[in-house]
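Worth knowing before you read on, the calculation uses all heavy atoms, side chains too, and leaves out hydrogens, waters and symmetry mates. Numbered from 1 within each chain, the chains take letters A, B, ... in sequence-line order.
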Amino acid sequence: MKAALLLPVFASRDAIGADVLGMLDCLTARGIETRIFCDGRDDVATPTHPVSELLRFAGGPDDLIVYHYSIGWPEAIEILRKARGFRVVRYHNITPPAFFEGISPLHVDTCSRGRAEIPVVASLGCELYLADSSFNGGELVADGAPRDSVQVLPPFHRVEELLDREADLALLDELGDGTFNFLMVGRVAPNKGHLDLVDAFATYVDRFGDDARLVLIGKTDVHLRAYEMAIHERIAQHRLGHRARWLLVASEAELKAAYLASHVLMLLSRHEGFCVPLVEAMAFKLPIVARACAAVPETIGDAGIVWPDADPLLFAASANRVLHDRELQWRLQERGAARYRAEFAPARLQERFVALLGLAR
Amino acid sequence: MSSARAENAASDANDSYLAGVKAEIRADADAARMRAPLPRKEAPPARSAERLSHDGTIDRARLDYSIAELTGDHYTAFVDAAFRALLKRPPDEPGLDAQIRLLAAGAPKAEVLGNLRYSPEGRAIGTRVRGLLPRYALAKLTRVPVVGFGLNWLIAFAGLPLMLRHQRAADTRNAAQFLDAQAHAGRIADDVRGTNARVDGVRGELGEASARLAQLTASFDERVGTLDARVGETESRLGDVPSLRHYVHAVNHWLVSLQAAIDGIEGASDANRAHADALIAAVHDASEVAAARAARQSAWIAALRDRIGARARVVELGSGDGSFAAALAGLGADVAGFESNGVLARRARERGLNVAAGDPMAALARCEDRSLDAVAVSGPPAGDGLATLLAEAARALKPGGWLLIAAGEPKRLADLANGRVAMLDRPIASALLGAAGFAVDTAFGGPDAVLARRA
């Protein structure tokens, strides 16, 4: 038996890259020869192979193909149609294009084409549809995937590596100046709700306290420059310029320092297929305040304060309570750590991944 | 199962706890909504920012402005508003910098507006600014060498009356603003006085609170003192524990020593007993004694041969090395022997005989009532022991069963060691047996022995 992990672009530092590497380790450790096939790669040391070679490598009836589906890619659909082995579609979700309207025509087009493929992929009759969350699984079922073949497995991640890494001391010193740090981790994209976050943060400053800092970590995209400018503008409107600390390209050491020095993770995303930063926050025992949308509530479980409302005062009041109520802090930290161990620890994910492959066979 | 239940219960408790917290947070949010914002460290927002960006968007649909609308603000606010109105976007850094430099160099605002409006980007958008074109053209003309200088002079001369009127109006406005400022300063002074009064009030409250805090601190200190004293008492009690432990160890040591002493005594007793048994065995083995014993036992066997049947159940008390038991077994009897001398009992067992080491009288006491055909006793006990023997033999023998009592061997040293009576007084023995329910067989005239039958 051979296994192929298929994705359009492989980057080790994004969530999908971490998921691919986790599957690679898991399958290789069990003696299965596994290769990664992609069209493009970025900053990775792991060997990859051209997509054109996939079927020669793992196209047989005893082989396994896992397609990481997060964007429109007709080539992958053709490969899945031709493959004769065990086919797994790993669905990471595709952001609805409406979020990019008026900001990036390129993103609107890419996301539209990606979502248009959901019914096609769902009707391929693959042996297993593996969703990051029940929310993602629901989208597949709604678009025609057989309910019995859809299973949920949280994505593999690099949290353990992050826990083991040295924190950036300079950033740790900078953030550890006694100011309350509100942390947001996520790429700079309209579905991440940065504008709502800035509003909530400004409300906290105006209504509850003065000594607070907003730490924003996430990659920017040149095509989403207008959104990025809008965030800057909103920060300026609220006169929060000197309170906002941007780390657009944070190293892992800086990311760890940010988690260690922050007091609350504020996530006001409007759409998330899973959200790995929530898992990182749980592992680092960082209390979470978040908006209940898409897969966020099921990812957090009872380890955070979640509101379906968009009222910035609610989020500000929640942060204020978390920052000043030691018992609440302790409970959220303990529940987060316990949830990480029970649901998201690498050993747990590996065990479930292998079981799902075995069950499906 | 119990751990799962406990986990569920903990989860439910956590859920209800979080629900309670969220209800309180919602109440906090509602309360915060009603109160005024806290003072900020930051400077108040610029007017233009407030006006243009209430909703964070740019009015892209509006394509018609007057110059007055766009020139109300100054410096960066003016440039920012111009970019948003004419280019429908916030200023980029180089663009903002260039226009600010123009203003700083004394350029009129109309020139800045014109630069933006008639740039390629501004033309593409096409926003209309009424009256801008002639002013922009004039502004540009004033930049032409020599002609521009003269033009500037002309404009300045032409504008002098207007400037004087503006100057007088400005003086009036400044005077009015000065009066307003004085009034405002008066109000601020009132506010400061009011604030001072409130501060004094708060200071008084703070003093009271300090006094209460001092009382609480004293009470707390007192309680801490009491607690310290109790802790001290407890510690002193705990201090006894090591000595108690020492006592326990001492008692334990004493008990171990006692046990060792008892073991020593018992060991000595066992050694003495073994030594005595060895002595008796030595006497038992003496050739003259053995020969006499064999002669006596032959006579007894001869007497019993006609009196007990085959497979008769016989108990022998004081079996010695088992020689008599062996002879009885030779008659076909089922013999069980008991010998208090461990050395002799071992020898008997080594000969394949059923002879146990132990107290013969205790063995007889364990026999069932009327279960034996014969009891043979070698060396009966004296005094109460003899009475007990007769009573137990009468109980255990079947009616008509035989009791053979031998006085034992004339082994003085052994008798001394065991405290036994060495010789039988036949008249007394006969009287005793008769009293105990036995009839002495007078036909049996064996040496040093008497044979009696259970009635």
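In terms of heavy-atom pairs under 4.5 Å with chain B, the best-connected choice from A/D311, A/L313, A/D309, A/L195 is A/L313.
Screening residues 191-223 of chain B for ring-ring contact (aromatic ring centres under 6.0 Å, His included), with sequence neighbours left out, gives no hits. Within the structure, the ring-ring contact (aromatic ring centres under 6.0 Å, His included) test picks out the following pairs touching residues 96-125 of chain B (sequence neighbours left out): B/Y118-B/Y136.
A cation-pi arrangement is present between A/R331 and B/Y17, with the terminal nitrogen or guanidinium carbon under 6.0 Å from the aromatic centre and inside a 45° cone about the axis.
In this structure, chain B has no heavy atom under 4.5 Å from any part of A/N320. Looking at A/L328, the atoms closer than 4.5 Å to chain B (heavy atoms on both sides) sit in the backbone and in the side chain alike. The part of A/L332 that comes within reach of chain B is its side chain, from C-beta onward, which places non-hydrogen atoms under 4.5 angstrom from that chain. Proximity to chain B is absent for every atom of A/F315, based on heavy atoms less than 4.5 angstrom apart. Only the side chain of A/R321 comes within less than 4.5 Å of a heavy atom of chain B; its backbone N, CA, C and O stay farther away.
Separation of the A/F180 and A/H324 ring centroids falls under the 6.0 Å cut-off. Checked against the 6.0 Å centroid criterion, the rings of A/H194 and A/Y227 qualify as a close aromatic pair.
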